[in-house]
Amino acid sequence: MKMFNPVELIKKKRDGGKFSRGEIEFLISSYTKEKIPDYQFSALLMAIYFQGMDFEETTHFMKAMLESGRSLDLSFIKKPKIDKHSTGGVGDKVSLILAPLLASCGICVPMISGRSLGHTGGTLDKLESIAGFKTDLTVKKLRKQLRNIGVVMIGQSPRIAPADRKIYALRDVTATVDSIPLISASIMSKKLAEDLNGLVLDVKFGNGAFMPEYRRAKELARTMVKIGHRAGIKVTAVLTDMNAPLGEYVGNSLEVMESIEALRGRGPEDLMKVTFTLGEEMLRLAKIKGGRRLLRKKIASGEALEVFKKLVCCQEGDVLIFDNILRLPIARRRYSISAEKSGYIHRVDTFKTGMLLVELGGGRLKTTDRIDHSCGFRFLKKPGDYVKKGDCLVEVFSDNRQRARTVCKELREVYFITRKPFPKRKLIREIIR
Ligand code: URA
């Protein structure tokens, strides 16, 4: 590999230059092998954040990240291999429901996910709130698990997507997440390592998304669909509204609890709508008939929940949570936030909600921060709902009194209540195939 001077490359991007493939390969490979320190790579990420990368650079960046580790070879699996990924939201626990649900429909789901990022939650952190759950499996073990139950849920590792593992953690704490080329490269490098036939992307827009503006979310969706098609897999992007937390619960173990409820047929309407829409797209890519009816049937029969139990068991998590949900670490102390006036909920500041979870201990401010899996919120009202003065809007779960006090004070400001009725938003805006 040709060598370059990292300082010169940072300067080049800072001044609006375009990287060659060789320069990008050098940067990604050197950072992954720890030959470029975090402080230089942080500066590089910030330069990319401000100056952007065109489609060609983004593709080289994604490929270099993909090639930093090994890709799975799942040719021994004869089922369709389809996965989903979200660009990140608040209360977005759809992966926890969809992966076992689609596996119960006969699809192989080799899901590689991430940790919480910025104000958004991460599938790995949620799963790790189940005592003992392992998200770092050997390739041998994950192949065996895929053969036996058709689903794994793992994280980036020193073997698979190692560049994304490092860059993702660094972006989380350097305010460089919300960049179209960086999100596209991060997501697609993980997904293309999975040896997939098809991928469904949940691209969020709204005040809780990394791309709040619809136009930018659509640009992100188009970029990833194009990268996927060029790599020879079928990709669908569903643009979904993230102007309110998805479902009722936000917080790691609370979201696992809500996902189990959803697999028992008791999921809230908005959560199930997004889950079923993405699930239908996954079935369509897999050429499996039945659509939403099949998904509902697998939940009603208990088959989807059974696959989730097997997944938890195979990945060494505490399966007794399915008999006693209180085995999950759920904070004992609860605080209620009530409406200070009557009226219609016009807006929920979803970004702030996500940041308040971080403040409560449910996310990270530094890469080394430990997460408190037990804390979180329950949102009882959504935009468009009518509330009376004194009605409970949010319940806060936290065993840390001091943090809870500060967060409760700020949470009062996330709801905007007006006298005029406000129509409910459409959750699914567009599907790009
Ligand atoms: N999800 C990812 O995997 N990467 C991002 O950059 C954002 C969301």
Side-chain angles (χ1 to χ4, degrees), residues 69-70 72-74 76-77 79 81 83-85 93-104 107-116 121-162 164-165 168-169 190 193-195 251-264 302-331 362-364 368-376:
R70 62 186 278 195
L72 299 175
D73 174 6
L74 302 180
F76 67 99
I77 290 179
K79 293 176 184 174
K81 287 158 281 191
D83 193 11
K84 73 71 75 164
H85 199 88
K93 69 276 298 167
V94 171
S95 291
L96 301 185
I97 309 164
L98 260 189
L101 175 56
L102 271 294
S104 75
I107 286 178
C108 170
V109 188
M111 187 180 280
I112 304 176
S113 305
R115 299 195 174 278
S116 55
T123 301
L124 297 183
D125 293 322
K126 291 171 201 181
L127 287 169
E128 282 175 0
S129 64
I130 304 172
F133 196 97
K134 302 271 178 306
T135 54
D136 182 11
L137 305 185
T138 61
V139 171
K140 191 171 163 203
K141 188 153 184 224
L142 77 85
R143 283 163 65 96
K144 185 171 164 211
Q145 187 173 318
L146 282 175
R147 189 181 292 117
N148 291 340
I149 65 166
V151 55
V152 289
M153 296 181 84
I154 54 166
Q156 314 99 315
S157 71
R159 295 173 296 279
I160 302 168
D164 186 53
R165 184 171 184 243
Y168 189 96
K190 283 193 283 290
E194 293 176 2
D195 194 14
N252 296 291
S253 56
L254 293 171
E255 292 189 44
V256 172
M257 179 184 76
E258 191 170 36
S259 304
I260 293 173
E261 281 298 289
L263 286 166
R264 289 192 166 126
E303 287 168 81
L305 182 68
E306 206 45 48
V307 175
F308 193 39
K309 276 187 199 168
K310 284 185 185 157
L311 173 94
V312 171
C313 179
C314 288
Q315 297 192 214
E316 300 174 42
D318 176 13
V319 278
L320 297 177
I321 57 164
F322 293 96
D323 300 320
N324 177 8
I325 206 69
L326 295 177
R327 289 180 70 90
L328 281 171
I330 295 174
R364 294 177 188 81
T368 47
D369 282 349
R370 276 177 68 90
I371 281 199
D372 171 5
H373 291 105
S374 74
C375 63

Say you draw a straight line from NZ of K190 to CE of M111; how long is it, rounded to the nearest 0.5 Å? 11.5 Å

Can you tell me if K81 uses its side chain to pair, donor with acceptor, with the backbone of L74 under 3.5 Å? yes

Of all heavy-atom pairs linking L137 and R159, the shortest is O-NH2, 3.2 Å

Atom CD1 of I97 and atom CD1 of I260: how far apart are they, to the nearest 0.5 Å? 10.5 Å

Ignoring hydrogens and geometry, is there a side-chain-to-backbone donor-acceptor pair from D318 to G132 under 3.5 Å? no

Ignoring hydrogens, what is the shortest heavy-atom contact between S95 and K84? Give both atom names and the distance. OG-NZ, 3.0 Å

With side chain to side chain contact (heavy atoms under 4.5 Å, CB included) as the criterion, how do F133 and K126 come out once you've worked through the C-alpha distance, each side chain's angles and the decisive distance to 0.1 Å? CA-CA 10 Å; F133 196 97; K126 291 171 201 181; over 6 Å; no

Side-chain contact, heavy-atom cut-off 4.5 Å: T135 with R115? yes

Work out which heavy atom in G69 is nearest to a heavy atom in P162; give both atom names and the distance. CA-CD, 3.5 Å

Heavy atoms only: give me the nearest K93-S259 pair and the separation to one decimal. CG-OG, 3.2 Å

Only one of L98, I149, V151, V152 clears side chain to side chain contact (heavy atoms under 4.5 Å, CB included) with V109; which? V151

From L146 CG over to C314 SG, what is the distance, rounded to the nearest 0.5 angstrom? 10.0 Å

Less than 4.5 Å apart, side chain to side chain, heavy atoms only: is that true for I130 and L328? yes

What is the distance from atom CG of L326 to atom CD1 of I321, rounded to the nearest 0.5 Å? 11.5 Å

Would S104 and E306 count as having a side-chain donor-acceptor pair, cut-off 3.5 Å? no

Other residues, nucleotides, ligands: >12 heavy atoms within 6.0 Å of K134 NZ: yes

Any heavy-atom pair between the side chains of R147 and I77 that's under 4.5 Å? no

What distance separates L127 CG from H373 NE2, expressed to the nearest 0.5 Å? 9.5 Å

Determine, step by step, whether M153 and L96 satisfy the side chain to side chain contact (heavy atoms under 4.5 Å, CB included) criterion, reporting the C-alpha distance in whole Å, the side-chain angles of both residues, the deciding distance to 0.1 Å, and the verdict. CA-CA 9 Å; M153 296 181 84; L96 301 185; 4.0 Å; yes

Supply the atom-to-atom distance L142 CG to L72 CG, rounded to the nearest 0.5 angstrom. 5.5 Å

Pairwise side-chain contact, V307 with L263, heavy-atom cut-off 4.5 Å (strictly under): no

Please check if atom CZ in R70 has more than 12 non-hydrogen atoms from other residues, nucleotides or ligands closer than 6.0 Å. no

Hey, does S116 have a side-chain heavy atom less than 4.5 Å from the side chain of D125? yes

Tightest non-hydrogen contact, residues S129 and V256, listed as OG-CG2, 3.5 Å

Is a side-chain N or O of R143 found less than 3.5 angstrom from the main chain of D73, in a donor-acceptor match? yes

Working note: L124 + Q156, criterion side chain to side chain contact (heavy atoms under 4.5 Å, CB included); need CA distance, chi angles, decisive distance, verdict. CA-CA 10 Å; L124 297 183; Q156 314 99 315; 4.1 Å; yes

Closest non-hydrogen atom pair, I330 against S253: CG1-OG, 3.7 Å

